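Data first, discussion second: the structure below is written as structure tokens.
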Amino acid sequence: MLDIRLVRSEPELVRDGLRRRGHGEEALDELLSLDIARRKVIAEVEELKRRRNEVSMEIARIHKAKGDASSLIAEMREEGEKISALDKEQSAMDERQRVLLLNIPNIPQKDLPVGKSDKDNVEERKIGTVRTFDFEPKAHWDIGTKLDILDFERAGKITGARFVIYKGLGARLERALITYMLELHVDKHGYKEVFPPFIVNRDSMVGTGQLPKFAEDMFKLEGLDYFLVPTAEVPVTNMYRGEILDEAALPISHCAYTACFRAEAGAAGRDTRGLIRQHEFDKVELVKFTKPEESYLELEKLTSDAEDVLKGLGLPYRVVTLCTGDIGFSSAKTYDIEVWMPSYGRYVEISSCSNFESYQARRMDIKYRPQNGKAEHVHTLNGSGTAVGRCLAAVLENFQNEDGSVTVPEVLRKYMGGTEKIS
RNA sequence: GGAGAGAUGGCUGAGUGGUCAAAAGCGCUCGCCUCGAAAGCGAGUGAGCCGUUACCGGCUCCGUGAGUUCGAAUCUCACUCUCUCCGCCA
């Protein structure tokens with residue numbers, strides 16, 4: 001969430017951020033008027049409490065001297081009622097302020113391209129050569145079904161639409177990709193691997209910004225206030241919720257494999273075939289905690305680390321900077337990495353790398369203590385490193401052969417018992 | 001699932017109704033000492049909020065939330081989490 005002091009001192013900066021996003025300003029207006037009223041109540045109740053504290057000391061002194069303080073006690077009984085009435089008023093205002101702040105998105109970084117949708121995103125670089133096929137390339141769902149390594153039909157039977165069973169070398173390929181990605185980030189890029197719970201509580205979902213606004217996108221467990229993780233970002237970023245981190249330990253870099261669960265509400269009819277939009281998919285995630293002044297440098301590194309996954313596999317991709325209208329709710333700046341998908345005839349998102357600045361850290365209250373300074377909020381970042389299902393789809397499509405077989409990328413063979421070709 | 005113990009500042013850990021933001025130790029910062037360092041000695045060192053914003057004044061916070069009281073770290077109730085033992089179990 002935003003710092004209420006920033007909202008108070010520079011409301012136009014916040015308003016400008018909302019406008020660039022194309023976001024409504026009602027919450028900001030309410031927040032500004034509430035802030036004034038709330039501070040008035042605080043001043044009032046604190047004055048009464050100051051007086052009560054004074055008198056309580058006086059009563060203690062009188063009792064110690066074996067005197068009679070009954071008139072003071074009677075007086076304070078009445079004061080106490082006023083105080084608790086004002087306390088109630090204040091906590092209602094506190095709660096309202098919290099709700100408003102939780103529902104105002106982050107301010108986009110000032111240099112972001114202004115725009116309404118993904119059409120206004122800006123391409124940064126294009127890496128690798130898109131293959132020209134001398135036959136008609138097939139879509140990954142056809143390739144995978146024909147090779148009997150993907151089974152959408154039986155997954156529909158045991159669960160429902162938007163689920164899949166990986167079989168034989170398909171399962172092996174999924175596992176190889178996960179291992180390849182984790183080992184790359186741990187051994188080459190210096191991330192520390194964690195394996196977090198796939199179920200988290202409400203505070204964690206609020207901490208990273210999935211709640212309260214996006215509840216309909218999440219799977220909630222019945223009868224419990226627990227949720228299936230939509231991304232490893234949630235458990236991993238929340239590891240340090242409420243903590244003050246050691247400055248010397250920063251930046252902290254974690255990578256994690258988890259399954260990810262998304263209700264995909266509102267996505268009916270989109271990407272209904274294949275692995276692109278599933279309710280459950282695997283992902284290797286990168287998460288960083290940094291000092292404020294280092295976060296944008298770390299965003300470049302994190303994005304480059306994710307790109308290395310695709311470079312190693314030999315998949316063509318491009319990197320785009322998301323415009324103000326397309327970045328996520330909590331993000332200040334986001335790069336998307338898009339892999340070339342022959343069946344779509346275009347690049348498809350496979351990773352999203354974001355700097356949240358202090359927006360999540362303030363929600364989660366994650367700080368560090370600078371040398372000789374007061375504790376302040378860290379910056380948090382994360383990015384997919386990368387989405388495994390989409391990566392597998394890209395491998396099948398980009399490395400397919402005319403006879404329906406698929407050539408396994410060199411870097412994956414050691415995880416697949418030396419298999420060079422799936423046929 | 002059953003029984004018990006516990007949750008206090010960056011860390012360890014005292015504190016069972018008022019003079020407690022809270023002993024002591026560790027850590028950290030500064031100073032003395034030293035050629036320098038260590039040790040030793042001395043001083044300082046929690047967070048949030050409100051007002052002023054130079055200094056400072058005030059309020060709140062001892063797992064979370066309610067309650068009792070003129071007054072709660074301390075008493076009552078509920079909840080969460082951690083640890084120990086028993087049971088069950090991959």
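Computed from a prediction, not measured in an experiment: that's the story for all the values here. Scope of the values below: all heavy atoms of this structure, side chains included, with no hydrogens, waters or symmetry mates. Naming: A, B, ... by sequence-line order, numbering from 1 per chain.
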Checklist entry - Roughly, in whole Å, what's the span from CZ in A:Arg241 to C1' in B:C81? => result 12 Å
Checklist entry - C1' atom, B:G25 versus B:U34: distance in rounded Å? => result 27 Å
Item to check | P-based separation of B:A73 from B:G63 [nearest Å] | outcome: 10 Å
N/O contacts under 3.5 Å, protein versus nucleotides 71-73 of chain B?
none

Item to check | Parallel, tilted or perpendicular: ring planes of A:Tyr415 versus A:Tyr180, cut at 30 and 60 degrees | outcome: tilted
Item to check | Sugar-phosphate, base or nothing in reach of A:Lys40, heavy atoms under 4.0 Å | outcome: nothing
Strictly under 3.5 Å: I want the nitrogen or oxygen pairs between protein and nucleotides 51-53 of chain B, one per line.
{"residue": "B:G51", "atom": "OP1", "partner": "A:Arg39", "partner atom": "NE", "Å": "2.6"}
{"residue": "B:G51", "atom": "OP1", "partner": "A:Arg39", "partner atom": "NH2", "Å": "2.6"}

Next on the checklist: When the C1' atoms of B:U60 and B:G40 are compared, how many Å lie between them, rounded to an integer?
Outcome noted: 40 Å
Next on the checklist: Less than 3.5 Å apart, any donor N or O on the side chain of A:Asn201 or A:Ser204 sitting next to an acceptor on the other?
Outcome noted: yes
Checklist entry - Please give, in whole Å, the distance from B:U69 P to A:Leu72 CG? => result 18 Å
Next on the checklist: Between A:Arg50 and B:C59, is there a contact of a side-chain N or O with OP1 or OP2 at under 4.0 Å?
Outcome noted: no
Short heteroatom pairs, N/O only, protein and nucleotides 19-22 of chain B, under 3.5 Å:
{"residue": "B:U19", "atom": "N3", "partner": "A:Lys64", "partner atom": "NZ", "Å": "3.1"}
{"residue": "B:U19", "atom": "O4", "partner": "A:Lys64", "partner atom": "NZ", "Å": "3.2"}

Checklist outcome for this item: With the side chain defined as heavy atoms from C-beta on, A:Ile59 is closest, among B:G18, B:G10, B:C49, to B:G18
Item to check | Presence of A:Arg5 side-chain N/O under 4.0 Å of B:C49 phosphate oxygens OP1/OP2 | outcome: yes
Checklist entry - Mind checking the P distance from B:G58 to B:G36? Whole angstroms is fine. => result 44 Å
Next on the checklist: Please report the distance, rounded to the nearest Å, between CD in A:Glu75 and C1' in B:U69.
Outcome noted: 17 Å
Item to check | Sequence-distant partners of A:Ala215, side chain to side chain contact (heavy atoms under 4.5 Å, CB included), two or more places apart | outcome: A:Leu211
Next on the checklist: From CD of A:Glu376 over to P of B:A47, roughly how many Å is that when rounded to an integer?
Outcome noted: 13 Å
Checklist entry - Do A:Thr321 and A:Glu124 have side-chain N/O donor and acceptor atoms under 3.5 Å apart? => result yes
Next on the checklist: Give me the atom names and distance for the closest heavy-atom approach of A:Thr324 to A:Gly115.
Outcome noted: OG1-N, 3.1 Å
Next on the checklist: Quick one about A:Asp336 and A:Ser352 (side-chain donor to acceptor, distance below 3.5 Å, no hydrogens or angles considered), yes or no?
Outcome noted: yes
Item to check | Residue pair A:Ser358 / A:His377, side-chain donor-acceptor N/O under 3.5 Å | outcome: no
Next on the checklist: Taking ring-ring contact (aromatic ring centres under 6.0 Å, His included) as the definition, give me every residue that meets it alongside A:Phe289, ordered by chain and number, with sequence neighbours left out.
Outcome noted: A:Tyr240
Next on the checklist: Roughly how many Å apart are B:A7 and B:C62, using the C1' atom of each and rounding to a whole number?
Outcome noted: 10 Å
Item to check | Protein-nucleotide distance (A:Ile83, atom CD1; B:G58, atom P), rounded to Å | outcome: 16 Å
Item to check | Partner residues of A:Tyr191 under the ring-ring contact (aromatic ring centres under 6.0 Å, His included) criterion, sequence neighbours left out | outcome: A:His185
Next on the checklist: On RNA chain B, compare the nucleotides closest to A:Glu46 and A:Ala60; which residue's is nearer the 5' end?
Outcome noted: A:Ala60
Next on the checklist: Could you tell me how far B:C75 sits from B:U69 if I compare only their C1' atoms? Round to whole Å.
Outcome noted: 10 Å
Checklist entry - Among all residues two or more places apart in sequence or in another chain, which pass the side chain to side chain contact (heavy atoms under 4.5 Å, CB included) test with A:Glu293? => result A:Lys291, A:Tyr368
Checklist entry - Side chains of A:Tyr257 and A:Glu193: donor-acceptor distance under 3.5 Å anywhere? => result no
Checklist entry - Where the side chain of A:Lys49 is concerned, which of B:G18, B:C50, B:U60 is the nearest nucleotide? => result B:U60
Checklist entry - With sequence neighbours excluded, what pairs up with A:Asp142 under the side chain to side chain contact (heavy atoms under 4.5 Å, CB included) test? => result A:Lys138, A:Ala139, A:Arg273
Item to check | P atoms of B:G46 and B:C11, separation to the nearest Å | outcome: 14 Å
Checklist entry - Can you check the A:Tyr240 OH to B:G10 P distance for me, whole Å? => result 18 Å
Item to check | Under the side chain to side chain contact (heavy atoms under 4.5 Å, CB included) test, residues paired with A:Leu221 that sit two or more places apart | outcome: A:Ile199, A:Leu224, A:Tyr226, A:Leu228
Next on the checklist: Would you say that more than 12 heavy atoms from the other residues, nucleotides or ligands in this model lie under 6.0 Å from the CD of A:Glu54, or not?
Outcome noted: yes
Next on the checklist: How long is the straight-line distance from OG of A:Ser117 back to CG of A:Leu322, given to the nearest 0.5 Å?
Outcome noted: 11.0 Å
Item to check | Whole-Å distance separating the CD1 atom of A:Ile244 from the P atom of B:U45 | outcome: 17 Å
Checklist entry - Quick one: does A:Arg262's side chain have a donor or acceptor within less than 3.5 Å of a partner on A:Asp217's backbone? => result no
Item to check | Donor-acceptor pair between A:Glu397 and A:Ser343 side chains, under 3.5 angstrom | outcome: yes
Checklist outcome for this item: When A:Ile73 and A:Asp365 are each assigned the nearest nucleotide of RNA chain B, the 5'-most assignment goes to A:Asp365
Next on the checklist: Tell me every residue that passes salt bridge (Lys or Arg N to Asp or Glu O under 4.0 Å) with A:Glu25, counting only those two or more places apart in sequence or in another chain.
Outcome noted: A:Arg15, A:Arg19
Item to check | For atom CD of A:Gln97 and atom C1' of B:C49, their distance in whole Å | outcome: 10 Å
Checklist entry - Taking atom P in both B:G15 and B:C89, what distance in whole Å separates the two? => result 43 Å
Checklist outcome for this item: Listed range with range, the stems formed with RNA chain B by at least 3 consecutive Watson-Crick or G-U pairs (under 3.5 Å) are B:1-7 with B:80-86, B:10-12 with B:24-26, B:27-32 with B:40-45, B:46-51 with B:56-61, B:63-67 with B:75-79
Please tabulate, one pair per line, each protein N/O and nucleotide N/O from nucleotides 62-66 of chain B that are separated by under 3.5 Å, including the distance.
none

